[in-house]
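Encoded as structure tokens, the structure appears first; notes follow it.
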Amino acid sequence: MINLTFPDGAERSFAEGTTGFDIAKGISPSLAKRTVAMALDGVTTDLADPIERDARIEFVTRDDPRALELIRHDCAHVLAEAVQELFPGTQVTIGPVIENGFYYDFARNEPFTPEDLPKIEAKMREIIARDKPFTKDIWSRDKAKEVFREKGEAYKVELVDAIPEGQSLKIYHQGDWFDLCRGPHMTSTGKIGNAFKLMKVAGAYWRGDSNNAMLTRIYGTAWRNQEDLDHYLHQLEEAEKRDHRRLGREMDLFHFQEEGPGVVFWHPKGWSLFQSLIAYMRRRLAADYAEVNAPQVLDKSLWETSGHWGWYKENMFKVQSAGDETEDERVFALKPMNCPGHVQIFKHGLKSYRDLPMRLAEFGAVHRYEPSGALHGLMRVRGFTQDDAHIFCTEEQMAEECLKINDLILSTYADFGFEEIVVKLSTRPEKRVGSDEVWDHAEAVMSRVLEEIAARSGGRIKTDILPGEGAFYGPKFEYTLRDAIGREWQCGTTQVDFNLPERFGAFYVDADGTKKPPVMIHRAICGSMERFTGILIEHFAGHFPLWLAPSQVVVATITSDADAYAEDVVATLKAAGLRAEKDLRNEKITYKVREHSLAKVPVLLVVGRKEAAERTVSIRRLGSPNQTSMTLDEALADLLREARPPDLSR
RNA sequence: GCCGGUUUAGCUCAGCUGGUAGAGCACCUGAUUUGUAAUCAGGGGGUCGGGGGUUCGAAUCCCUCAACCGGCACCA
């Protein structure tokens with residue numbers, strides 16, 4: 001006998017091997033009908049599984065949040081069956097549940113096209129309507145391999161081989177179709193319902209390895225009901241509206257063109273935004289850092305010394321004279337990183353331990369030859385500006401410096417409204433330089449710092465460890481922030497480096513007169529300023545806070561009678577340091593309101609005969625249909641207060 | 001880099017099975033002097049992504065290159 005505890009606390013005994021379905025039916029036939037799976041001690045399993053031990057039991061109905069994952073997983077199976085029914089000879093591989101849906105990877109000589117999706121979707125609905133029960137078999141390894149080999153499913157054979165000895169091979173059937181799968185599944189295909197949609201086809205490498213064959217992946221989304229599906233699709237539309245590439249065009253911030261793949265043409269408004277960010281960062285650095293500027297183009301030999309020519313060459317732009325090359329055959333490279341340049345600055349002249357920590361910052365423009373398929377608007381470019389800094393310090397100062405950087409990073413993010421931050425510690429990778437003792441020490445220090453970071457935040461900052469993800473020269477912290485619509489972006493980074501200073505023979509003279517290589521800490525807060533600008537565009541959906549808005553105020557006239565006054569207002573605002581423009585065009589005020597609202601200008605000052613006579617303005621703020629009237633002086637004071645950057649308002 | 005898709009006016013897009021381009025918005029001109037999300041009328045604008053080919057004839061079919069989009073891989 002086994003004892004099962006029910007959600008209400010009741011405990012009952014059953015014969016060993018009783019299935020979840022039997023128990024549900026025993027309670028009520030309607031419960032059995034509604035139940036799609038069960039959870040034993042919190043682990044979701046097939047309802048038809050015999051229960052062999054004491055456990056807490058819960059019945060998972062289709063409305064249960066836990067059913068969603070099952071719906072998606074079942075949907076993936078149905079997708080695979082539909083594809084094999086419509087396209088015989090297609091091999092199945094894997095089909096997991098992902099955020100918001102699922103996918104399935106297929107191997108087929110001719111890849112699927114978007115036009116195939118409606119057909120496949122229709123077939124899926126047909127299979128769901130058949131409502132065949134999901135049933136499970138346990139097969140021996142040999143049988144599984146034999147059956148799949150006979151079916152021509154080479155990838156499944158490979159998957160069977162990869163499953164560790166002693167682990168059972170579960171085969172799930174739905175009608176005549178079956179698949180190797182770890183499960184669990186619902187009771188029948190009919191439970192999936194109709195709230196799903198195939199979204200896109202894409203290429204994907206077998207097992208995520210670019211050396212392997214390219215498979216065709218079909219992505220789908222699935223939900224418990226039509227409302228949830230509609231809501232999700234609506235969310236996608238909303239996300240598209242705030243896409244920085246779209247807003248960049250609509251708000252006239254920047255553009256790209258064919259001749260410059262991955263490099264940005266910043267327009268006046270976009271550059272204003274970019275410069276507001278730089279100005280902000282500069283103010284934040286003023287207290288502790290010295291700003292420098294290292295050359296764009298440096299001899300190959302320097303990159304050989306730094307090691308970049310060895311392990312980063314594929315990503316570097318080589319530069320040579322375009323004229324008479326016999327005159328100067330030297331090979332140069334456009335800098336992909338600022339660190340070697342900063343080491344040269346550190347090296348110049350003798351440094352004492354008294355000079356440490358030495359913090360060199362640069363808004364360094366770097367160029368990296370990113371793979372063509374990786375380029376994506378401002379988010380992934382080939383030429384960008386890092387808010388970079390390198391801190392040269394002693395080993396003893398390392399922890400303190402990391403914490404200082406942490407404070408700077410977190411307060412910066414907070415100023416932009418990013419409060420949900422995860423700090424991840426990446427530890428030693430397989431391929432690395434330096435002795436294990438050095439790594440042991442560095443990782444120990446970093447772990448302590450990570451704990452301190454979590455403690456200081458009072459638990460607000462989440463931390464994580466990524467084993468093996470560190471840079472080859474040292475462990476690193478990665479700062480991930482979450483934007484207004486829940487997406488995560490890795491921006492800041494702090495990396496300790498025991499390697500580069502030595503490669504360049506950089507040292508400082510210690511108190512005892514000996515020469516020692518400094519520890520170098522690489523650190524960025526925004527990371528790429530271009531990318532960070534892109535993140536802000538999407539985070540704010542173009543509705544920037546006043547201090548960042550490229551065009552803060554537009555003064556619009558109602559009739560030409562107010563022109564002179566409007567000019568006066570704009571001059572006053574500009575003199576006070578606001579970014580103000582005038583709109584004296586011979587258009588109706590409704591037209592102007594609409595236009596500037598679409599351009600996402602935060603503040604619109606409307607002036608007519610009345611305002612001109614009284615020296616007032618009518619203020620209309622973006623997103624609000626209301627207006628308030630006040631004197632120009634009052635409005636100016638309000639706007640100035642509001643336009644003050646957060647670091648200057650503290 | 002790999003797989004698939006896309007590329008027509010400044011923007012969004014139409015253009016069927018080949019007969020050498022069209023809409024809306026934007027722009028320009030004129031009229032209108034207007035009170036908080038589109039005033040009316042007229043006009044200009046495209047070597048249909050580049051190159052090559054098939055054809056009497058190509059935006060349309062084929063090849064090729066490029067950029068972009070969606071994924072994958074990459075992301076020091």
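All values below were derived from every heavy atom in this structure, side-chain atoms included, with hydrogens, water molecules and symmetry-related copies excluded. In the text below, chain A, chain B and the rest are named by the order of the sequence lines, each starting its count at 1. As the structure is a computational prediction, the values presented were derived from the model and not from experiment.
Checking B:U39, B:U33, B:U36 against the side-chain heavy atoms of A:Tyr591 singles out B:U39 as nearest. Considering only side-chain atoms of A:Val201, the nucleotide from B:G4, B:U33, B:A67 that sits closest is B:G4. For A:Lys588, counting side-chain heavy atoms from C-beta on, the closest listed nucleotide (B:U39, B:A37, B:U36) is B:U39. Across B:A37, B:G1, B:A67, the shortest atom-to-atom separation from the side chain of A:Glu258 is found for B:A67. Listed nucleotides: B:A37, B:C74, B:G35. Nearest to the side chain of A:Arg380: B:C74. Comparing B:U36, B:C3, B:U33 by their closest approach to the side chain of A:Pro111 singles out B:C3. You'll find that the side chain of A:Met214 is closest to B:C3, out of B:U36, B:G5, B:C3. Picking from B:U39, B:G70, B:G1 the nucleotide with the shortest atom distance to the side chain of A:Ala202 gives B:G70. Of the listed nucleotides (B:C74, B:G35, B:C69), B:C74 has the atom at the smallest distance from the side chain of A:Ala374.
Heavy atoms of A:Thr559 sit under 4.0 angstrom from at least one base atom. A:Glu611 comes within 4.0 angstrom of a nucleotide base, judged by non-hydrogen atoms across all strands. A:Arg249 comes within contact range of the sugar-phosphate backbone alone, with a heavy-atom separation under 4.0 Å but no base atom that close. The residue A:Glu587 sits close to a base: some heavy atom pair falls under 4.0 Å. The residue A:Ile589 sits close only to the backbone: its heavy atoms come under 4.0 Å of sugar-phosphate atoms, none of a base. Counting any heavy atom pair closer than 4.0 Å across all strands shown, A:His522 reaches no nucleic acid atom. Counting any heavy atom pair closer than 4.0 Å across all strands shown, A:Thr216 reaches no nucleic acid atom. Heavy atoms of A:Leu604 sit nowhere under 4.0 angstrom from any nucleic acid atom. The residue A:Lys592 sits apart from the nucleic acid: no heavy atom pair falls under 4.0 Å. The residue A:Lys200 sits close only to the backbone: its heavy atoms come under 4.0 Å of sugar-phosphate atoms, none of a base. If you check every strand for non-hydrogen atoms under 4.0 Å, A:Arg217 touches sugar and phosphate atoms only.
Between the C1' atoms of B:G52 and B:A66, the separation comes to 15 Å (whole Å). Comparing the C1' positions of B:C48 and B:A21 gives an interatomic distance of 8 Å, to the nearest angstrom. Between B:A73 and B:G15, the distance separating the two C1' atoms is 38 Å to the nearest Å. B:U7 and B:A59: their P atoms are spaced 15 Å apart (whole Å). As rounded to the nearest Å, B:C28 and B:U17 have C1' atoms that lie 40 Å from one another. Comparing B:C25 with B:G42, their P atoms sit 12 Å apart, to the nearest whole Å. Annotation: B:C61 and B:C2 have their C1' atoms spaced 27 Å apart (nearest Å). Between the C1' atoms of B:C62 and B:G18, the separation comes to 13 Å (whole Å).
Nucleotide B:C75 forms a pair with no other nucleotide shown, judged by Watson-Crick or G-U wobble geometry with both contacts under 3.5 Å. Shown here, B:C61 forms a base pair with B:G53; the pair counts as Watson-Crick or G-U wobble because both key distances fall under 3.5 Å. B:G18 makes up no base pair with any nucleotide shown, lacking Watson-Crick or G-U wobble contacts both under 3.5 Å. Using Watson-Crick or G-U wobble geometry with both donor-acceptor distances under 3.5 Å, B:U33 finds no partner in any strand shown. Across all strands shown, the partner of B:G70 is B:C3, judged by Watson-Crick or G-U wobble contacts whose two distances both fall under 3.5 Å. Pairing partner, B:G42: B:C28, with both Watson-Crick or wobble hydrogen-bond distances short of 3.5 Å.
A donor-acceptor contact under 3.5 Å is not formed by the side chain of A:Ser597 with the base of B:U36. Counting atom types as modelled, A:Arg620 pairs a side-chain N or O with a base atom of B:A37 as donor and acceptor under 3.5 Å. Side-chain atoms of A:Tyr205 and base atoms of B:G1 include a donor and an acceptor less than 3.5 Å apart.
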Taking it one step at a time, do A:Ser528 and A:Gln386 satisfy side chain to side chain donor-acceptor pair (under 3.5 Å)? CA-CA 5 Å; A:Ser528 150; A:Gln386 290 181 308; over 6 Å; no

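The side chain of A:His376 contributes an N or O atom lying less than 4.0 Å from OP1 or OP2 of B:G70. Considering only side-chain N and O atoms, A:Arg245 lies under 4.0 angstrom from the phosphate OP1 or OP2 of B:G70. In this structure, A:Tyr312 does not reach the B:C75 phosphate: none of its side-chain N or O atoms is under 4.0 Å from OP1 or OP2. Remark: A:Thr590 is in phosphate contact with B:U39, judged by side-chain N or O atoms under 4.0 Å from OP1 or OP2.
Atom CD of A:Gln257 has more than 12 neighbouring heavy atoms from other residues, nucleotides or ligands inside a 6.0 Å radius.
Separating the CZ atom of A:Arg594 from the P atom of B:A26 is a distance of 8 Å, rounded to the nearest angstrom. If you measure from atom CG of A:Leu605 to atom P of B:U36, you get 16 Å, rounded to the nearest angstrom. In this structure, A:Leu198 places its CG atom 19 Å from P of B:G4, rounding to the nearest Å. Protein atom NZ of A:Lys424 is 14 Å distant from nucleotide atom C1' of B:C75, rounded to whole Å. With rounding to whole Å, A:Arg585 atom CZ is found 14 Å from B:U39 atom C1'. Residue A:Glu99 contributes atom CD, which lies 16 Å from atom C1' of B:G71 at whole-angstrom precision. When the P atom of B:U6 is taken as reference, atom CG of A:Leu375 falls 21 Å away, rounded to whole Å. At whole-Å resolution of the value, CG in A:Asn211 and P in B:C74 are 10 Å apart.
Ring geometry, A:Tyr413 versus A:Phe532: the interplanar angle falls under 30°, so the pair is classed parallel (tilted spans 30 to 60°). Taking the six-membered ring where tryptophan is involved, the planes of A:Trp271 and A:Trp266 are tilted, since the angle between them lies from 30° to 60°. Between A:Phe256 and A:Phe254, the angle of the ring planes goes over 60°, which puts this pair in the perpendicular group of the 30/60° scheme. Between A:His308 and A:Trp303, the angle of the ring planes goes over 60°, which puts this pair in the perpendicular group of the 30/60° scheme.
Heavy-atom distances to RNA chain B give each of A:Tyr473 and A:Phe256 a nearest nucleotide, and the one nearer the 5′ end belongs to A:Phe256. Ranked by how close their nearest RNA chain B nucleotide is to the 5' end, A:Val606 and A:Tyr369 are led by A:Tyr369.
Using a 4.5 Å cut-off on side-chain heavy atoms (C-beta onward), A:Phe384 and A:Arg531 make no contact.
Between A:Tyr473 and A:His522, the ring centre distance stays below 6.0 Å.
A:Gln490 contributes a side-chain N or O that, together with a main-chain N or O of A:Gly492, makes up a donor-acceptor pair within less than 3.5 Å.
Looking at A:Lys582 and A:Glu567, a side-chain N of the basic residue comes within less than 4.0 Å of a carboxylate O on the acidic one, giving a salt bridge.
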